[in-house]
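Values below: all heavy atoms of this structure, side chains included; hydrogens, waters and symmetry mates excluded. Per chain, numbering begins at 1; letters A, B, ... match sequence-line order.
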Amino acid sequence: MGHRRLVATLVFLGVLALVGGSVAARPLEEGTSAPCACSVSANDVPDDGGGAISVSWDLATTDASPSVTRFEILRYATGEEPVSIGEVLSTNTDFQDVNADGGTIYQYIVRTHTRDGFIDSVPSDAALATAQWFAHGRAPSLIALILVCGSIIFFIIRAKGGAELFIRKIPGLDAVDDAVGRATEMGRPVLYVPGIETVSEVGTLAALTILGHVAKKVAQHGTPLLVPTADPIVMTTAQEIVKQAYAEVGQSDRFDPSSVFYLTYDQFGYTAGVDGIMVRERPEAVFLLGYFAAESLILAETAHEIGAIQISGTKETSQLPFFVAACDYTLIGEEIFAASSYLSHEPIMLGSLKGQDLIKIGIVYLIVTLVIAGSIGYAISPDGTSTLSRAVEAAALWLTGS
Amino acid sequence: MDSMGMIIGTWLAGFLTLAILSFLYKDNPFYKLAEHLYVGVSAGYWLIYVAFFDIKPMLIDTFMSETGFEKWIILIPGALGLIMLSRWFPKIAWLSRWPIAFTVGIGAGLGITANLQGYVLPQVQATILPLTGFTVADLSNLILIIGVVTTLMYFYFSKPHKGLLGGGAKIGIVFIMVSFGASFGYTLMARISLLIGRLYFLFHDLLRILD
Amino acid sequence: MKRSVPLIITFLTGFFLVVAFFVPHEPFGELEQRLLVWFAIVSGFTMLLGIDNLIRSHARRIARTNTGWGHSIVLLMGLVVTVVVGVIGFSRLGSPFHIHSPFMFVYTHVIVPLQGTMFALLAFFIASASYRAFRARNTVATLLLISALIVMLGRIPIGAAISDFFPAAQEWIMDVPQLAAKRGIQIGAALGAVSMSLRIILGIERSYLS
Amino acid sequence: MENSPRKGFWEAMNSLDRRIIFLILLVCVAVPLLLNVGAPIPPTPPVQLAYDAVESLEAGDVMMVSIDFDATSAPELMPMLHSALRHAFSKDVRVVMLGHIAIGLPLGHMALEEIAAEYDKEYGVDYVDLGYRPGYIAVMIAMGRDISDIFASDYQGTPLAELPVMTGVRSYNDIELLFGFEHGAVIDYWVRYTQARFGQRMTFGTTAVMAPDAYPYLQAGQIEGLVGGLKGAAEYENLIGHLGLGTRGMPAQQWAHLLVIGFIVLGNLGYFFTRRKG
């Protein structure tokens, strides 16, 4: 280990000597017409937790700049000697000092190294690294957050107050009860696959909410239920949810803890296991809800091969095409989140759904208004210089804080 | 040239490849063997993975190398992790809700800001495409805007899909289906690539009939 | 205690993560980083629960000589051998993931082919799914079918040989209608996720605590 | 009419044993692969953009390469990785490799060593492999401040300060381009955290599955280019003038695609005839 480091150090020094000539570097004579860094400015990095100052500079003569080999950045606090804190390539004209002490006022010197030697810039103005209490670049996100959360909370409160809220039919969900019913008639199990992610993925939580509903139906009818999981926390949570569901319909004694079990965290190991369960246990209804990746089609096709009804749903747009093609019913994207509201018909859930809808329609209006306004602007002056076009452009850019 | 281990490994890999492929014909003892081996080996693999890429560097190494505040604060997640194991003791199993609650809280907290800043805002911004004239690009932009808007209308849940909303939602489902068809067609290439990869292994590494 | 403590934990974790996003000042700025590390550690421990469940259920099958108990032996053997070679790799070479570790032998010659072949099954299933599922049942299904056909033709050299239309149309479909719908679905899903996250933080959605 | 032979034929076709489909597909992929022929594929705009992004780099610039895939996606992503590395090394761009899928990194490392040797590049001077650190979002955010906060050393424990290639490379500020190779959700984290928060320039090579999802990022300008699937890999190979496994797999792709198109047409004919007569 030791000699490897030694070699690396030697290589490093060698390269430095070759590239920068730093070993033999000496100051250039006054009046030498080498290009150098000038107008060095040092500023606190905005919107950060402190401790960082950004240093930037210009090149005095650009036509001769290729002879610059690198820039070295030196820093000093008032009354102290300048120390080198880093260097950048000749193509860069800025540097971020991320080790600034919050209470110290610094000045920076940029040392321009050329093949012949080096030349120091005039020191920058004094700079102090400060921490901010608000990341200004994220103001649009904050406004969006307030609007979205405000709208959702507003409608939740209204719903709690007894306002009547409508929810449209979601075809896949109506099929849930039918599927459980058919499995009961045939005396075959229901297989519930809650995806391959853990509970910090909201799609998984949506799947677990729907599992609660399915488990209740299953408990009422005495249909066997199988829930293979790929994540131990999902397993733990699913066990509790299913147990609770059996208890709620007064069938606690029929709950079999081993019906919710762990296979493996490995994506395709899990898939191989679930496929095996499908061909051997022959479930009549297969639920594929939650987060899915490539295994979606393997599971859906195997479920089809054994003749089961398949109800699928995910917010992963890359997998939705396969579910839509291969399954009987598919919950598309947001529908899986709407599912918990739909199944429970709880006012709180319906209220939050209404809140989301308001934001969606807001986005639609925003897009349409700005597009129309911008287009009118272009109609006024086709080169896009009209105040209207510019305002629309500025508004659009503002959204991402740029 | 090849070591004995390489040869055994390649034949083992070849056998397992064929055992899984045999599932396409029907469920059989070879597939069952490969399936159970896979579940067992991969569970062991992830256990080792988590121990050496997660618990060791993040918890144990941090505790050993840090000093002061950083050294002791890292015991909080360590304790939460241990509490998770309370599931083994039915009397205190309810304690496991604490770490689960923490995990869920992380997902929820991150989900809010990352979805808004990282997806909704830039994607809305990218849809604000004023028409600059009557070119093909403008027509495409117009179709793009209509597609986004009508797809959003399809996901409007709290009103019946009638009238303007119903019309929009109907157009939206057209876009959604075209999109699914396109993804399906595009993805075919990925799936075939994987088969090419496996066949290349069989022909090149195992049978050596391909250079 | 059994319900309120978890609700408080979820609230505080979620709330402070959101605050940390907007407030770079200490102590918030570094909080996100710290909590993510904590999250990884807590998740790591849960792996033991899964392994325990797996071992118990298969040990039970072997003890009762249920159908397929022989396979349960294979499963447990695979698990034990993998963990043992992992530990050997660690003690001998400092890391189970060292290129000469016996653990990497298991990875390269057992896990990779199994994983790769399971994945490759998709090629076959996509063929059978397209044969049985892509039927022009109605207008919408027909559109799905046509866009799939155009994109498939546009992706292969022969499509370009037949007509420049196919590669151009493929790009256009991907760039315009495909993108538009994906964006719409994802904006909706993102809002759904935000709303779900908000309900979780506020303790309204608590199915995970049942 | 009810028992006409034609209807009987289509009914039989409708209930065709899927194992026959499987067998035909196997033949269609295996035979072209064994014949081993392949022709250059003309580039499409997203791949051209990815190429241009790398082309815009100057000698000495830093390109970060992220290995976010494992062996399962190697058939698609490896050819792209090879091409991107060839492209970067041919322009004397410094390459800094890391990855978020721990088990994929040995694959990336082997490719890096192989291609670097082709261009006589030296480890530690022209390229480096930082390796893997757990927690991808945490790693991404930390690198925005200081890379050495999270990667104090490279994959074999050499401190970054001792590696000349890392001179002046402290955070995303010093990385001209990120080229990620993605088979899953890591791309979303790169865009939603690193791009959104630090404005990092980035371009990606993805599996054909992930590519459609990345199109919105491309159109929104959040990413600069996109190499999708084996065809994208073949196009990139064509752009840099070095044909490889991407181009070689395309004939098998072509036949498999034609076969699936044939299946769809056949399936619909069967559906059409049996429905009309039934």
Side-chain angles (χ1 to χ4, degrees), chain A residues 47-50 131-135 138 141-142 145 148-149 152 156 198-200 202 205-206 208-209 212 231-233 235-237 240-241 244 258 261-266 268-269 271-272 294 297-298 301 315 317 320 322 325-326 332-334 337-338 340 348 352-353 355-356 359-360 363, chain C residues 18 21-26 28-30 39 43 46-54 57 60 68 111 114-119 121-122 124-126 128-130 132-134 144 148 181-182 184-200 202 204-205 207-210:
Chain A
D47 299 349
D48 71 346
Q132 278 73 36
W133 282 101
F134 180 63
R138 291 176 186 173
S141 300
L142 182 64
L145 178 76
V148 173
C149 295
I152 292 167
I156 289 178
T198 186
V199 283
S200 60
V202 282
L205 283 179
L208 287 172
T209 311
D231 179 273
I233 304 188
M235 173 190 81
T236 311
T237 315
E240 293 298 319
I241 286 174
Q244 176 81 11
S258 67
F261 53 96
Y262 178 77
L263 281 176
T264 165
Y265 189 68
D266 188 88
F268 289 106
T271 313
L297 185 66
I298 301 182
E301 272 294 290
K315 72 175 174 56
T317 44
L320 278 166
F322 305 107
I332 299 169
E334 203 185 349
F337 295 114
S340 52
I348 292 171
S352 75
L353 202 58
Q356 279 160 252
I359 294 299
K360 257 171 271 165
I363 290 175
Chain C
V18 174
F21 178 80
F22 294 105
V23 181
H25 203 288
E26 277 181 67
F28 298 103
E30 315 244 284
F39 171 63
S43 317
T46 63
M47 198 57 76
L48 291 173
L49 286 180
I51 301 287
D52 169 68
N53 181 278
L54 191 69
S57 67
R60 209 179 301 134
I111 296 184
L114 284 169
Q115 222 177 28
T117 316
M118 250 347 260
F119 210 167
L121 290 185
L122 275 169
F124 297 98
F125 287 143
I126 205 170
S128 63
S130 48
R132 74 170 174 85
F134 274 39
L144 183 132
K182 284 273 159 75
I185 297 173
Q186 291 232 34
I187 290 177
L191 290 174
V194 169
S195 161
M196 184 107 175
S197 300
L198 181 72
R199 294 199 304 255
I200 288 167
L202 296 180
I204 298 169
E205 177 92 40
S207 55
Y208 65 96
L209 289 179
S210 57

Given side chain to side chain contact (heavy atoms under 4.5 Å, CB included), test C/Phe28 with A/Trp133 step by step and report yes or no. CA-CA 9 Å; C/Phe28 298 103; A/Trp133 282 101; 4.1 Å; yes
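- Contact annotation for C/Leu48: neither backbone nor side-chain heavy atoms come within less than 4.5 Å of a heavy atom of chain A.
- C/Ser195 touches chain A through backbone and side chain together, each having a heavy atom under 4.5 Å away.
- Highest contact tally toward chain A, considering only C/Ile185, C/Leu49, C/Leu191, is held by C/Leu191 [criterion: heavy-atom pairs under 4.5 Å].
- Here the side chain of C/Asn53 pairs a donor or acceptor atom with the backbone of A/Tyr262 at under 3.5 angstrom.
- Contact between A/Ala131 and C/His25 at its shortest, heavy atoms only, is CB-CD2, 3.3 Å.
- For A/Tyr265, the OH atom sits in a loose shell: 12 or fewer heavy atoms of surrounding residues, nucleotides or ligands are nearer than 6.0 Å.
- Proximity to chain C (any heavy atom under 4.5 Å) is shown, for A/Phe134, by both the backbone and the side chain.
- No side-chain heavy atom of C/Glu205 sits less than 4.5 Å from a side-chain heavy atom of A/Leu205.
- Proximity to chain C involves both the backbone and the side chain of A/Leu142, based on heavy atoms less than 4.5 angstrom apart.
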Test side chain to side chain contact (heavy atoms under 4.5 Å, CB included) applied to A/Thr198 and C/Ser43, step by step: CA-CA 9 Å; A/Thr198 186; C/Ser43 317; 6.0 Å; no
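- Atom NZ of A/Lys315 is separated from atom CE of C/Met196 by 11.0 Å, given to the nearest 0.5 angstrom.
- Remark: the backbone N or O of C/Phe21 is paired with a side-chain donor or acceptor of A/Arg138 at under 3.5 angstrom.
- The shortest heavy-atom contact between C/Arg199 and A/Ser352 is NH1-OG, 2.6 Å.
- Note: C/Arg132 leads C/Arg132, C/Lys182, C/Arg60 in heavy-atom pairs under 4.5 Å with chain A.
- For C/Val23, the parts sitting under 4.5 Å from any heavy atom of chain A are the backbone and the side chain alike.
- Note: A/Thr317 leads A/Ile363, A/Thr317, A/Leu320 in heavy-atom pairs under 4.5 Å with chain C.
- Neither the backbone nor the side chain of A/Asp231 has a heavy atom closer than 4.5 Å to any heavy atom of chain C.
- When heavy atoms are compared at a cutoff of 4.5 Å, C/Phe22 approaches chain A by way of both its backbone and its side chain.
- Here OG of C/Ser130 is found 10.5 Å from CZ of A/Phe322. Values are rounded to the nearest 0.5 Å.
- Looking at C/Leu198, only its side chain comes within 4.5 Å of chain A, counting heavy atoms on both sides.
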Test side chain to side chain contact (heavy atoms under 4.5 Å, CB included) on A/Ile298 and C/Leu122; report intermediate values, then the result. CA-CA 6 Å; A/Ile298 301 182; C/Leu122 275 169; 3.6 Å; yes
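- Of all heavy-atom pairs spanning A/Glu301 and C/Ser128, the tightest one is OE1-OG, 2.7 Å.
- Ranked by non-hydrogen atom pairs under 4.5 Å with chain C, the options A/Gly355, A/Ala272, A/Gly333 are led by A/Ala272.
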Kindly determine whether A/Ile156 and C/Leu202 satisfy side chain to side chain contact (heavy atoms under 4.5 Å, CB included), including the steps that lead there. CA-CA 12 Å; A/Ile156 289 178; C/Leu202 296 180; 5.8 Å; no
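- No part of A/Ala338 comes within reach of chain C, as not one of its non-hydrogen atoms sits under 4.5 angstrom from that chain.
- Ring-plane geometry between C/Phe119 and A/Phe268 is classed as tilted, the angle between the planes lying from 30 to 60 degrees on a 0 to 90 degree scale.
- Contact count against chain C (heavy-atom pairs under 4.5 Å) is highest for A/Ile233 among A/Leu353, A/Ile233, A/Thr236.
- Contact of A/Ser141 with chain C is made through backbone and side chain together, with heavy-atom distances under 4.5 Å.
- With respect to chain A, the highest number of heavy-atom pairs below 4.5 Å among C/Gly184, C/Ala129, C/Ala133 belongs to C/Ala129.
- The candidate from C/Leu121, C/Ile187, C/Leu114, C/Ile126 with the greatest count of non-hydrogen atom pairs under 4.5 Å with chain A is C/Ile126.
- Heavy-atom distances place the side chain of A/Ile152, and not its backbone, under 4.5 Å from chain C.
- Of all heavy-atom pairs spanning C/Phe39 and A/Ser200, the tightest one is CZ-OG, 3.3 Å.
- Only the side chain of A/Ser258 comes within contact range of chain C, judged by heavy atoms closer than 4.5 Å.
- Neither the backbone nor the side chain of A/Val199 comes within less than 4.5 Å of any heavy atom of chain C.
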